Every structure is written in structure tokens, then in C-alpha cells.
Amino acid sequence: MSVAAVSSFEDHLVAIGALTPGFKAAQGGRRTAPYRALLEQTGLEPAAFAEAVAAHHGLPRVALAAMRAGEPVLDRFSPRFLREYALFPYRAADGAVHLAVADLSDPAILQTIDLTLGCKCVREVAAFDDVEMLLREAVGSLESVAASEADNGAADLAGLGDDDDPDSLRDIASGAPVVRTLNELFERAVELRATDIHIEPFRRTLQVRLRVDGLLRTVPPPPPDMARAIVSRVKILAGLNIAERRLPQDGRARVRVGSLDIDLRVATMPTAHGEAAIMRVLERNQRLLDFPRLGLGGRDRAILERHLEAPHGLIVVTGPTGSGKTTTLASALARLNMPTRKILTIEDPIEYEIQGVNQTQVKPAIGLNFASALRSFLRQDPDVIMVGEMRDGETAKIGIQASLTGHLVLTTLHTNTAAASITRLIDMGVEPFLIASTLRCIIGQRLVRVLCPDCRRMAPITEAAAERDPRLPAMGLKTGDLVGEAAGCDRCGQTGYRGRLGVFEVLEVNEHISRLIGTATDDASIEREARDDGMATMIEDGVAKCRAGLTSVDEILRVTASR
């Protein structure tokens with residue numbers, strides 16, 4: 001397969017509307033990205049993407065059941081190689097060796113498989129998630145990998161004491177068993193699309209949990225004797241002091257997992273039974289979402305798009321930690337990004353790298369915080385400024401001043417509702433009349449899990465469910481209403497959910513709201529006025545998504561129960 005043939009697949013994706021025409025221009029004449037990267041860019045479901053690959057290359061499409069019915073032929077390949085190139089060789093019932101492949105961007109890899117097996121494989125196109133799931137089942141869990149290698153360093157690991165010198169600890173933490181175990185954990189986190197990794201020691205056990213779609217999921221842990229060495233390895237990667245185990249430490253690391261570069265925000269914490277390590281997983285060059293794919297409704301999207309085109313003003317995105325605020329802001333910046341605009345950002349951390357945008361990382365150790373960066377930004381003649389978070393009154397006042405002097409300012413706050421952002425700014429010391437004259441709109445949001453597209457179903461609300469939860473009538477739901485319901489299948493790990501989607505409320509600061517702000521009224525009065533003007537709350541937006549089969553009532557209640 002030639003590079004031109006691979007590039008023509010991008011043309012095919014553009015032709016079917018899965019890629020924007022500007023994608024190829026952004027490549028700048030470089031060789032096409034691997035198909036896994038193209039899948040991320042398109043936003044298609046893995047099964048639909050596989051159908052497009054099979055149609056373009058003229059190869060048969062193999063289903064999960066057919067691959068599972070065969071006998072895996074994996075003994076001549078490393079698990080990492082198969083995962084990285086999305087390959088699953090297996091022997092079918094007729095004795096022929098089949099090669100299920102999800103990524104056809106590198107023909108040399110396919111030829112290597114034929115040479116290694118000594119035969120011409122029957123090539124088929126499979127979905128990425130099917131290949132990953134079968135490899136996970138065939139290769140075994142992280143526990144078996146760690147256990148098989150633990151004997152190599154068991155004596156050294158068992159001998160670790162509280163007074164180990166740093167050099168000895170560093171040598172053990174750099175050994176093959178520990179490095180391999182941690183790498184396998186990173187691979188598992190990437191496969192499951194985890195956002196956090198928690199390594200937690202207890203008296204006789206080591207607990208490892210991954211945060212997947214907002215909820216923690218326990219995975220098979222390595223042997224408890226490896227706990228100290230694994231945490232030390234994490235600290236080495238993050239440039240932390242491995243000899244200091246009495247105080248919390250924070251750091252950052254960058255690791256490569258397959259074809260992906262992953263940034264890690266590392267935090268360690270001393271506990272009663274040793275140090276715990278928590279790693280926030282940030283994929284480099286994450287795909288920015290288009291507004292339609294963020295989940296904003298028609299009215300909300302129109303309001304936000306209109307105010308993004310304004311020459312000045314303040315736009316606030318609010319919600320708790322992990323509610324997708326940064327993704328919404330980054331998508332807004334990508335929409336604003338053009339050669340005629342100068343855009344500056346100050347972030348902690350930089351989660352999305354946007355070509356053409358000047359992005360700055362907060363560095364408190366040298367005095368570079370949100371307020372100091374914002375003061376410097378005003379001397380650089382920007383058109384758009386993005387402040388990662390307004391954490392204090394100084395930052396809020398400078399941001400308000402910037403929006404008054406001809407800049408469009410985008411920022412985030414931590415509040416439970418959109419209306420509460422106004423009272424929060426007043427609490428920070430910003431004068432109400434300044435808020436009324438600069439604030440354009442507030443986007444409140446949460447993230448809910450999306451029902452798995454392979455097993456989701458629509459079901460009526462039963463009388464028993466309505467009696468069990470008295471909140472349903474207040475949400476506008478009644479017995480017999482059809483809503484999405486989780487089922488569970490192999491592709492979603494029997495959870496019934498795969499991926500996340502935002503539920504929103506967009507409060508536009510019009511003349512009525514401005515008048516209320518001027519009187520320093522409470523947020524409940526502001527929300528009532530906004531609803532009279534047509535605003536749908538997060539609960540109402542969530543119910544609409546339940547009726548559309550995108551999520552479930554349980555999810556909406558889980559993320560909005562505090563309201």
C-alpha cells in the first residue's frame with residue numbers, strides 16, 4: 001500500500017463527512033496519521049470506522065464473534081507490539097491463519113506478520129475496540145504479567161525497609177519487573193480511556209484503581225511487595241525526591257504508551273501503610289471537539305457562538321472539578337483561532353495544545369500565577385484571553401478590567417450552577433455594576449456517561465421506579481415515558497456505558513439579568529429570571545438526552561443530585 005493510497009483514505013473520510021476538508025491542509029504535506037489518530041479525529045464509533053476502512057480497501061469486515069471463535073496465534077509476538085499496531089492473528093475453523101487488523105496505515109507491519117508466521121495471512125478489518133478487548137482476554141491481566149516477573153526481584157523487594165538509602169531504592173525501582181509492571185498499568189489505563197490512576201497501599205494489599213468515565217474501577221494489582229518500588233518508580237519519572245516519604249509531593253512526567261505521548265500529573269501522599277500515588281492522565285494533542293459534539297442544544301450553542309464573535313466581554317464556564325470545563329473552553333478557542341486574532345492563555349496545566357495559540361503554563365515556584373500572567377497579557381495587545389481559572393479576587397478583577405478594555409476573556413469558576421457564578425464573583429470583591437456590564441454568558445455543565453451504542457435500549461419508566469424515586473416528577477418524567485437504559489455487553493465491560501457527554505445550562509446576561517445583578521440579588525432569583533427568558537437547566541437538558549437515548553435517568557440523578 002503506498003502513501004498515496006493511505007492518503008486517499010483520508011479523502012474517503014472527507015467525502016463521507018467524517019473529516020473536515022481542512023484536515024488534510026493542516027497535515028502540511030506530512031504522511032498521514034495512523035488510523036487510530038484518524039479515528040479520534042473523525043469521532044466515529046470504532047465499528048463504523050472499521051466499516052469505512054473495509055469499504056475503502058476492499059477487505060472483508062470481521063465481527064467480534066468470528067474472531068472469538070478462532071484460536072489466537074500470539075506466541076511469536078509481544079503483547080505490546082500487537083496492541084500498538086492493533087493486530088489480532090488467529091486460526092479459523094478451516095485451519096487458515098487470519099489477521100484481523102484495525103490499522104492499515106503501515107503495510108510493512110502486515111508483511112512482517114506474514115514473514116514471522118511463515119504463511120500468507122487472510123487479512124480482515126476489525127474494529128479497534130474489538131482487537132483491544134480480545135488481546136486483553138488472550139494475553140491476560142496485569143496481575144498475571146506482574147506475578148510472572150515478580151520472582152526476578154522478589155528478594156530485593158521483600159528486603160525494602162523504612163531506612164533504605166536512595167541509591168538502593170532507585171536501583172530497585174529501575175529494575176525490569178517494576179518498569180514492566182508500571183508500563184503495563186499505563187497501557188491498561190490508555191485502553192480503558194482512564195483519566196486517573198490511583199496506587200494505594202494497605203496493610204497486606206496494594207489497591208490499583210482507574211477512573212473511567214468519571215467512576216473509579218478496580219483493576220488487578222501487582223504483588224503488595226512491589227508497592228514501594230512502584231511508587232518510587234513513579235517519583236523517578238516525575239522528578240520527585242524518592243528519599244522523602246513523609247511529605248506530599250507534586251510533579252509531572254511524560255511517557256510514551258504505544259504510539260501515544262501521555263502527560264502525567266503526579267501527586268504522592270503519605271498514608272498509614274506507605275505512600276499513595278495518584279496520576280492524572282492527559283493525552284498529548286487531544287482531539288478538540290466541535291461544538292455540535294460537545295452536546296450543547298440548539299439554543300445554547302447559538303447563544304455561545306454569538307457571544308464568541310463579540311469583540312469584548314467575559315464568558316464563564318462553571319462546574320466542579322472534572323466536569324469538562326477545559327474541553328469546552330479549548331473548543332471555543334479552536335473556533336476563535338484564526339490568523340487575524342491574537343489569543344493568549346494561562347493554564348494549569350495545558351491539556352490541549354492548539355496550533356497558533358500562545359499558551360502559558362502556571363509556575364507558582366517562580367511567581368508565575370494567573371494574576372501575574374494576566375497583567376503581562378494586557379501589555380501584549382491580545383484579542384482573546386483565556387484564564388484557566390479565576391481562583392481569587394485579584395485574578396477576577398484583572399479579568400473584568402481586561403474585558404472592559406476591549407478584550408474577549410474566557411475563564412472558569414467552581415460553582416454548582418450558572419447563576420451561582422454571579423454571586424461568586426461578587427464574593428470575590430468584584431463590583432456588581434462591573435459584572436453586569438462585562439459578563440456576556442455563563443455555561444454551567446456536568447459530564448454524564450453515555451450509554452454504550454452497542455447495547456443501549458429504550459425502556460419505559462415503571463410505576464415501581466417512579467415510586468422508588470420521588471425526584472422523577474420534578475424532572476418532568478412520569479410512568480410510561482421512554483428513556484435510555486443501560487444494559488451491558490463485552491465492549492463496555494458490562495457497565496452499559498462508554499464515553500461521556502456534557503449536560504449544560506447557558507445563562508445569557510440580558511437586560512433583565514443585568515438589572516438583577518445590579519441589585520446584588522441571590523442566585524435563585526437570577527436563575528428564575530433566566531428560566532423565564534428560556535434557559536433550560538442542566539437537569540432539563542439531561543432529561544432531553546435521556547429521552548434521546550444518549551444517557552440514563554440514573555446518570556442524570558447521579559451528577560445533578562446536589563442541585
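Predicted model, so just to flag it, every value in this text is computed and none were measured. Below, each value reflects all heavy atoms present in this structure, side chains not excepted, and no hydrogens, waters or symmetry copies.
- For the pair R547 and D541, the salt-bridge criterion is not met [side-chain N within less than 4.0 Å of a carboxylate O].
- Under a 3.5 Å cut-off, the side chain of R341 and the backbone N or O of L336 do form a donor-acceptor pair.
- Each of I315, I443, T411, L410 was scored for a side-chain contact (heavy atoms from CB on, under 4.5 Å) with L329, with one residue passing: L410.
- At distances below 3.5 Å, not a single donor-acceptor pair connects side-chain atoms of T423 with backbone N or O atoms of D523.
- F49 pairs by the ring pair (Phe, Tyr, Trp, His ring centres under 6.0 Å) definition with F9, not counting sequence neighbours.
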Audit row: R491, D130, side-chain contact (heavy atoms from CB on, under 4.5 Å) steps and yes/no | CA-CA 7 Å; R491 286 191 175 92; D130 289 348; 2.8 Å; yes
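- Taking the charged nitrogens against the carboxylate oxygens, R265 and D250 have no contact shorter than 4.0 Å, which rules out a salt bridge.
- Atom OG1 of residue T417 and atom CZ of residue R424 lie 13.0 Å apart, to the nearest 0.5 angstrom.
- With respect to R299 and E508, no salt bridge is recorded, no charged nitrogen being found less than 4.0 Å from a carboxylate O.
- Nearest approach of Q445 to K325, heavy atoms of both residues: NE2-N, 3.6 Å.
- Using a cutoff of 4.0 Å between basic side-chain nitrogens and carboxylate oxygens, R498 and E45 are scored as salt-bridged.
- Judged purely by atom type and a 3.5 angstrom limit, E505 uses its side chain to pair as donor or acceptor with the backbone of A418.
- There is no side-chain donor-acceptor pair under 3.5 Å between S331 and Y352.
- The backbone N or O of H312 lies less than 3.5 Å from no partner atom in the side chain of H407, so there is not a single donor-acceptor pair.
- Ionic pairing of R515 and E511 is present here: one or more N-O contacts between side-chain nitrogen and carboxylate oxygen are shorter than 4.0 angstrom.
- Closest approach of C546 and M458 over heavy atoms only: O-CE, 4.1 Å.
- When all heavy atoms of L368 and V362 are compared, the closest pair comes out as O-CG1, 3.4 Å.
- Summarising the geometry of M538 relative to V503, their closest heavy-atom pair is CG-O, 3.8 Å, with the distance given to 0.1 Å.
- In summary, R209 and E200 engage in a salt bridge, as defined by a charged side-chain N under 4.0 Å from a carboxylate O.
- A salt bridge does not link E132 to R83: none of the charged side-chain nitrogens sits closer than 4.0 Å to a carboxylate oxygen.
- E555 has no carboxylate O lying under 4.0 Å from a charged side-chain N of K545, or vice versa, which leaves the two without a salt bridge.
- At distances below 3.5 Å, at least one donor-acceptor pair connects side-chain atoms of T412 with backbone N or O atoms of G388.
- A salt bridge links D481 and K478; the closest N-O separation between the charged side-chain nitrogens and carboxylate oxygens is under 4.0 Å.
- Applying the side chain to side chain contact (heavy atoms under 4.5 Å, CB included) test to R375 and every residue at least two apart in sequence or in another chain returns A371, S372, E394, I398.
- Using a 4.0 Å cut-off between a side-chain N of Lys or Arg and a carboxylate O of Asp or Glu, D213 and R449 do not qualify as a salt bridge.
- T438 contributes no side-chain N or O that, together with a main-chain N or O of S403, makes up a donor-acceptor pair within less than 3.5 Å.
- In summary, the side chains of S552 and Y497 do present a donor paired with an acceptor at a separation below 3.5 Å, with no hydrogens or angles considered.
- K342 and D383 are not joined by a salt bridge, as no carboxylate oxygen comes within less than 4.0 angstrom of a charged side-chain nitrogen.
- T205 contributes no side-chain N or O that, together with a main-chain N or O of F202, makes up a donor-acceptor pair within less than 3.5 Å.
- Side-chain contact, E347 with Q359: a donor N or O sits under 3.5 Å from an acceptor N or O.
- Side chains of E389 and H414: a donor-acceptor N/O pair is present below 3.5 angstrom, by distance only.
- Closest of all the heavy-atom pairs between L472 and A466 is CD1-CA, 3.9 Å.
- Checking side-chain atoms of R446 against main-chain N and O of G542 turns up no donor-acceptor pair under 3.5 Å.
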